Every structure is written in structure tokens, then in C-alpha cells.
**Student:** 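One structure is given below, represented as C-alpha cells, and several questions about it will come after.
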Amino acid sequence: MKAKIIRIDREQIDKEALREAGEILKRGGLVAFPTETVYGLGGNAMDPEAAKKIYAAKGRPSDNPLIVHIADMESLKVLTPEVPEKAAKLAAACWPGPLTMIFKKTDAVPYETTGGLDSVAVRMPSHPIALELIRAAGGFVAAPSANTSGRPSPTCAEHVKEDLSERIDMIVDGGSVGIGLESTIVDFTEEVPTILRPGYLNRERLSEILGEVRIDPGIMSEDSKVRPKAPGMRYRHYAPKAQLIVVEGSTDRVVDKINELASKLQKEGGMAGIICTDETIGRYGSFIKKSIGRRTDEEGIARHLYGILRDFDKEEVQVIYSEAFDTPQMGQAIMNRLLKAAGHMCIEV
Ligand code: TXA
Ligand code: MG
């Protein structure tokens, strides 16, 4: 099988083409599609066989539950017996958008979709192509990120093609995504709403709407005994081919330290890669450097992170040194993904 690729303009959606994609999903096939966060690998969420196909295509452990994507609030009632008041408030403020909520599930949701859990993750994305596709598919699309398990999430159709083109029926190419990091996950099965995965919507924003919000202690911890509640956050998500080391501290010190470590590596016969910014790229020696964008443009940093990590897998470097990106709004989400890719190898200077 080789995936059929259809190109859709988000400003002028070809509904006929998406109807074909929707038919594939209704028949139990797999279609990758853009959302505002990352590309998703869609299958019919109510069809256990489709869920199994998703796990197989990604090479993903089947105890790692999928997010069910919906296009309207009516659909939520099919998935969960009760929507807590706070969740309804959050939905009103942030859906459609880069937010996933966890609820108690109804019997309508197959255990194959929820990885055997009695809860279900639900998201209403804001990307117009995603919304149109969900409607065309009958309303319930299970979609993990459209990467092979263990690779960075895809932020453009090319990434999906690299990983999955031989294993799925169709790729809807809607261009590059806007955010570039996966949705914020908030668990409403707990007494206090709890962030299971940081994303574009941060704790401050959620607290404005909900009041008290907790952060799952498992998500930023280096201690493997503190297990994250979201099964997918327990896996070492993405290990670049090269070893990744994050260097954190004031800019001058970070630049000095990375130059020092990279020179040392090259003197020993190795090749060093550097993830830096437009402001600092001119301050490094002759190593393989890639700028993630301007340091002040945190949305750009988030959008470019996974693509840069993928690019480095094509280079012959043994170690990648990355500056840290503790930016004001999305810093926690960016550093969560970067530190996971680094297996928490971080040097403070
Ligand atoms: O932005 C996103 O959320 C993207 C796009 C495609 O919507 N999707 C995505 O899916 O990132 P995935 O499968 O790569 O990540 C889903 C995460 C996993 O960490 C999974 O363990 C967690 O959500 N999850 C799903 N259902 C859950 C549940 N019932 N309880 C706890 N965690 C759950
Ligand atoms: Mg994923």
C-alpha cells in the first residue's frame, strides 16, 4: 500500500476530496490529516479494528490510549456520561483548540481506543481541514500524532510521508501546522483538574478559567519512579540518533560552554551539532548549526523544534548540544519535549 496524498487549501477547502477521505475512515481505513498542533493519524474511534490498525501502523504499544477528535459539543455526550461543570467552562473557552480533556467513558467507546482504560481523551481541534474531515467521517476520529512511535511528531505532510506512507491509506496535506507541539491534556477524572501534558495552553491560562489546576508531578520529573499518569508520557518519546544534551543558563555562558564541549568532541574526532537561535548562531565555531528562530519568537521555537530534531537525524553528528528555551508562555511545553528527547541530559552553567 502506498498512501494517496491529497493537497487541500485550508482557505478554500475541497469538500469533495475530504468526503473521499471521510469514506475511507468510515470503511475502517487510516487517513493522516493536519490539526493546529501536529498531524494526526486518523481512524474511526468507534471501530475497534480501526484502533488496532492505528497501533500497528505506528508501532505503538496498545496500552497507550488514543485521543478521540470531535467537531461539535453534541458528540461529547456520546463519549462521556457526565461533563463536569469546570470542563464545560474550559470547553467553552478553549474549544475548538489545542486542548484535550480526559473524562469517564461511556460503553460506546471501545477499549481498543482507550488502551483498556475506563476514561477517554477528547479534543475538538480548530483546524478547518480537521473539522471538515471529522464531520465527513461521521463525527469521531481517533488520532494519535502521525509519526512512527519513537520519532518526533510530524509538523508537515512530508514528515508523515517519511514515517507512514507505506502503511496508511491517505495523507491529507494541508501545509505546515501552526503550533508544532501536541495539545495540552487536562484530566477531569481527578478531584482537581490536572495537567497531564503541557502545551500551548499553559497552567496560568487554565487557572484563569478553572481556578486551582494541578500539574501531574510525573511529567517534568527525571525520576523514573514518579510515573506520569498519561501512558504516552512514560515512554522515552523520541531519542535522536545522536545524543542530545541541553545546556541551560545565561546566554553568554551557554554559548561558551557549547563551544567548549563541541570543540572538545571534534578534537577527539567526533562531529558536533548545535541547536541555537538567530541571535547566537554567529557566535559558534564551525560545527553543524541549526537555528530554531529568534529567541523572542517563542511560537516559532515551538513550531520548529520537531522539524530540527528530524533534520539532525539526517546529519552525521554524534552529539547535539541545544540551548535551553525557557520562554515565558510555552517554555514548559518546549522544555518538556526537549528534555525528554535528551533523556534529561541537561548541563547547567
Ligand atoms: O495535539 C494532539 O493532541 C495530537 C493531535 C493529532 O490531536 N495528538 C496526540 O496524540 O498528540 P498522541 O496519541 O500522540 O498523544 C496522546 C496522549 C498520550 O500521551 C496518551 O497516553 C494520553 O494522551 N492519553 C490518551 N487517553 C488518555 C487517558 N484516557 N488517560 C490518560 N492519558 C491519556
Ligand atoms: Mg504522539
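These figures come from a predicted structure and were not determined experimentally. FYI, side chains are in, hydrogens and waters are out, and symmetry mates aren't considered; it's all heavy atoms of this structure. For ligands, and for the atoms within them, numbers begin at 1 and follow the listed sequence.
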**Student:** Please determine which of D14, I13, L18 meets the side-chain contact (heavy atoms from CB on, under 4.5 Å) test together with E16.
**Tutor:**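 Going through the options one by one, the only one that passes is D14.
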
**Student:** Are any of the N/O atoms on T37, whether in the backbone or the side chain, positioned under 3.5 angstrom from an N/O atom of ligand 1?
**Tutor:**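 Indeed, backbone or side chain, T37 has an N or O that close.
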
**Student:** Of all the atoms in ligand 1, which lie at a distance below 4.0 Å from a heavy atom belonging to M233?
**Tutor:**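 Heavy-atom distances to M233 below 4.0 Å select 19 (O).
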
**Student:** Distance under 4.0 Å to a non-hydrogen atom of R123: what atoms of ligand 1 satisfy this?
**Tutor:**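 This gives 1 (O), 2 (C), 3 (O), 5 (C), 7 (O) as the contact atoms.
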
**Student:** At a non-hydrogen distance cut-off of under 4.0 Å, which region of A143 contacts ligand 1 (side chain, backbone, both, or neither)?
**Tutor:**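 Near ligand 1, A143 shows its backbone, while the atoms from C-beta on stay back.
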
**Student:** For R60, take its heavy atoms, then give the atoms of ligand 1 lying under 4.0 Å from any of them.
**Tutor:**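 In order of numbering, the contacting atoms are 12 (P), 13 (O), 14 (O).
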
**Student:** Does ligand 1 have an atom that lies less than 4.0 angstrom from a heavy atom of P125?
**Tutor:**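 No, P125 has no heavy atoms under 4.0 Å from ligand 1.
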
**Student:** Name the option, out of S149, P65, G115, that contains the heavy atom nearest to atom 26 (N) of ligand 1.
**Tutor:**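 Among S149, P65, G115, the closest heavy atom to atom 26 (N) of ligand 1 comes from P65.
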
**Student:** Should the pair F103 and F188 be assigned to parallel (<30°), tilted (30 to 60°) or perpendicular (>60°) ring geometry?
**Tutor:**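 Rings of F103 and F188: parallel, under 30°.
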
**Student:** I'd like to check whether K58 has a polar contact with ligand 1, where a contact means an N/O of the residue lying under 3.5 Å from an N/O of the ligand.
**Tutor:**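 No, there is no polar N/O contact under 3.5 Å.
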
**Student:** Provide the closest heavy-atom pair for R214 versus R203 in the form atom of the first, atom of the second, distance.
**Tutor:**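 In this case the closest contact between R214 and R203 is CA-NH2, 4.1 Å.
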
**Student:** Using a strict cut-off of 4.0 Å, indicate which atoms of ligand 1 neighbour a heavy atom of E182.
**Tutor:**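 Once the distances to E182 are compared, the set is 1 (O), 2 (C), 11 (O).
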
**Student:** Indicate if the distance from the Mg ion (ligand 2) to the nearest N, O or S atom of S153 falls below 2.8 Å.
**Tutor:**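 It does not; every qualifying atom lies at 2.8 Å or beyond.
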
**Student:** May I ask you to check if K105 and Y111 form a cation-pi contact, with NZ or CZ under 6.0 angstrom from the six-membered ring centre and within 45° of the axis?
**Tutor:**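 Cation-pi check for K105 and Y111: passes.
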
**Student:** Is there side-chain contact between M101 and V122, with heavy atoms separated by less than 4.5 Å?
**Tutor:**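 No, every pair of side-chain atoms sits at 4.5 Å or beyond.
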
**Student:** Out of all atoms in ligand 1, which are within 4.0 Å of some heavy atom of S119? Include the element for each.
**Tutor:**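 Listed by number with element, the hits are 28 (C), 29 (N), 30 (N).
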
**Student:** Pairs of nitrogen or oxygen atoms closer than 3.5 Å, one from N64 and one from ligand 1: do any exist?
**Tutor:**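 N64 vs ligand 1: N/O contact under 3.5 Å present.
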
**Student:** Looking only at distances, can you tell me whether any N or O atom of I185, backbone or side chain, sits closer than 3.5 Å to an N or O atom of ligand 1?
**Tutor:**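 Such a contact does not occur with ligand 1.
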
**Student:** Show the atoms of ligand 1 that are less than 4.0 angstrom away from any heavy atom in L117.
**Tutor:**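 The atoms of ligand 1 under 4.0 Å from a heavy atom of L117 are 28 (C), 29 (N), 30 (N).
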
**Student:** Ring of F312, cation from K290 - is the NZ or CZ under 6.0 Å from the centre and inside 45° of the axis?
**Tutor:**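 Geometry flag: set, cation within 6.0 Å and 45°.
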
**Student:** Which of the atoms of ligand 1 are close to G40, meaning less than 4.0 Å from one of its heavy atoms?
**Tutor:**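 Within the 4.0 Å cut-off of G40, ligand 1 contributes 6 (C).
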
**Student:** Is there a donor-acceptor contact under 3.5 Å from the side chain of K15 to the main chain of E132?
**Tutor:**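 Side chain of K15 to backbone of E132: no pair is present.
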
**Student:** Return the CZ to OH distance between R60 and Y55, rounded to the nearest 0.5 Å.
**Tutor:**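 The CZ atom of R60 sits 6.0 Å away from the OH atom of Y55.
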
**Student:** Among side-chain atoms of D252 and S250, is any donor-acceptor pair under 3.5 angstrom?
**Tutor:**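 There is no such pair between these side chains.
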
**Student:** May I ask you to check whether T35 has an N/O atom sitting below 3.5 Å from an N/O atom of ligand 1?
**Tutor:**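 Between T35 and ligand 1, no N or O pair is found under 3.5 Å apart.
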
**Student:** Only heavy atoms of I67, strictly under 4.0 Å: list the atoms of ligand 1 that pass.
**Tutor:**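 Answer for ligand 1: 3 (O), 8 (N), 9 (C), 10 (O), 16 (C).
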
**Student:** Between Y39 and ligand 1, does any nitrogen or oxygen pair lie at a separation below 3.5 Å?
**Tutor:**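 No, Y39 has no N/O under 3.5 Å of an N/O on ligand 1.
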
**Student:** Compare every heavy atom of I102 with every heavy atom of A121, then report the nearest pair and how far apart it is.
**Tutor:**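 Closest approach of A121 to I102, heavy atoms only: CB-CD1, 3.7 Å.
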
